[in-house]
Amino acid sequence: MDIDEHYTRRYPHSVVWTPIPFISWLFPFIGHMGITTSTGVIRDFSGSFYVAEDDMAFGSPTKFWQLDIRTVIGGSKAWDKAVNEASIEYFNRMHNLLCDNCHSHVGMALSLMNYNKSKNWNMVKLALYTFIFGKYVSCNAWLKTWCPFIIFVFVCFGLYSYGKYF
């Protein structure tokens, strides 16, 4: 994807996801997450004291979960305010892979806006919902997510079969 295409692909009011090399290759349901503004600008907690804007840590989104803005009291203005407040908070936080990460940043934004009348958005809920309800942005995005895992499974199966007969 060229640079111009990167900036024309927008997913407003969405949670976006992309695979993390090595980790997602073994566990394709684990990846890096961000949240978009009402105009589709991506915000993601990429590392300690840093929230990126339109520059996801592990590349462009491969999946997006479009959320229903009608469930946010105050509409797009409230959405953008919550995304901004969560981003400001995460500019002051240390990144922790297991406890306070990109999923936590997205969860805070959704909780602040009381998305779908819930203030309990967390890593597990977000990972599950994005895995189930997320849509791949293209066929190539699906391949980027699943090919390494499929190759890994075939290699393991091949090694198992080879060891079984020799």
Side-chain angles (χ1 to χ4, degrees), residues 1-25 27-69 71-72 75-116 118-138 140-146:
M1 170 174 14
D2 64 14
I3 291 171
D4 291 333
E5 185 180 351
H6 169 75
Y7 291 105
T8 58
R9 280 203 161 161
R10 296 289 185 194
Y11 312 97
H13 306 117
S14 296
V15 172
V16 292
W17 185 93
T18 195
I20 300 171
F22 304 110
I23 295 172
S24 300
W25 297 353
F27 307 101
F29 50 89
I30 297 174
H32 183 66
M33 184 175 283
I35 190 165
T36 65
T37 64
S38 61
T39 58
V41 173
I42 300 168
R43 297 271 182 90
D44 68 301
F45 183 44
S46 300
S48 295
F49 314 110
Y50 182 67
V51 177
E53 188 168 292
D54 260 350
D55 188 23
M56 283 186 83
F58 298 97
S60 297
T62 58
K63 258 180 132 169
F64 69 102
W65 173 32
Q66 184 94 44
L67 300 175
D68 186 356
I69 189 62
T71 69
V72 177
S76 291
K77 192 175 233 178
W79 177 284
D80 287 341
K81 183 179 182 213
V83 170
N84 193 49
E85 286 177 11
S87 297
I88 289 168
E89 174 65 30
Y90 273 82
F91 265 114
N92 297 302
R93 290 199 184 187
M94 184 79 114
H95 190 279
N96 180 312
L97 188 61
L98 300 175
C99 301
D100 204 11
N101 55 35
C102 58
H103 290 63
S104 306
H105 169 247
V106 173
M108 176 180 268
L110 293 176
S111 293
L112 286 170
M113 69 180 76
N114 200 23
Y115 180 75
N116 207 20
S118 175
K119 290 192 177 285
N120 298 315
W121 290 94
N122 60 52
M123 293 186 305
V124 175
K125 188 175 179 179
L126 281 166
L128 181 65
Y129 281 29
T130 303
F131 188 75
I132 293 170
F133 300 117
K135 296 177 182 169
Y136 290 95
V137 301
S138 67
N140 284 341
W142 186 91
L143 292 170
K144 180 180 176 182
T145 302
W146 288 98

Could you tell me which non-hydrogen atom of [X] sits nearest to which non-hydrogen atom of [Y], and how far apart they are?
X	Y	result
T37	V83	CG2-CG1, 4.3 Å
H105	A86	CD2-O, 3.6 Å
V124	N122	N-OD1, 3.1 Å
I35	A109	CD1-CB, 3.9 Å
C99	S104	O-OG, 3.4 Å

Flag the pair [X] / [Y] as yes when at least one side-chain heavy-atom distance between them is below 4.5 Å, and no otherwise.
X	Y	result
V72	L67	no
W17	T145	yes
Y136	W146	yes
F58	S24	no
P19	T62	yes
R9	S60	no
V106	M123	no
M33	V16	no

Within 6.0 angstrom of F27 CZ, more than 12 heavy atoms from elsewhere: no
K135, NZ: over 12 other non-hydrogen atoms inside 6.0 angstrom: no
Please answer whether the main-chain N or O of [Y] pairs with a side-chain N or O of [X] as donor and acceptor at a distance below 3.5 Å.
X	Y	answer
S111	K119	yes
T130	G134	no
S14	Y11	yes
K63	F131	yes
W79	T36	yes

N116 and S118 side chains, donor-acceptor separation under 3.5 Å: no
Test item: side-chain donor near acceptor, S38 and H13, under 3.5 Å: no
Distance in Å, L97 CG paired with I20 CD1, rounded so as to fall on 0.5 Å steps: 7.0 Å
Interatomic distance, S48 atom OG to D100 atom CG [nearest 0.5 angstrom]: 9.5 Å
Working for side-chain contact (heavy atoms from CB on, under 4.5 Å), residues L126 and L110: CA-CA 10 Å; L126 281 166; L110 293 176; 3.5 Å; yes
Criterion side-chain contact (heavy atoms from CB on, under 4.5 Å) on M108 and M113, from CA distance to verdict: CA-CA 9 Å; M108 176 180 268; M113 69 180 76; over 6 Å; no
All ring-ring contact (aromatic ring centres under 6.0 Å, His included) counterparts of W121, not counting sequence neighbours: Y115, Y129
Qualifying residues under salt bridge (Lys or Arg N to Asp or Glu O under 4.0 Å), relative to D80, sequence neighbours excluded: none
Listed partners of K81 passing salt bridge (Lys or Arg N to Asp or Glu O under 4.0 Å), at least two apart: E85
Note: D55-R43 ion pair, threshold 4.0 Å (strictly below): no
Chi angles and distances behind the side-chain contact (heavy atoms from CB on, under 4.5 Å) call for R10, T39: CA-CA 7 Å; R10 296 289 185 194; T39 58; over 6 Å; no
Parallel, tilted or perpendicular: ring planes of F45 versus H95, cut at 30 and 60 degrees: tilted
Check against side-chain contact (heavy atoms from CB on, under 4.5 Å), I42 and E53: CA-CA 6 Å; I42 300 168; E53 188 168 292; over 6 Å; no
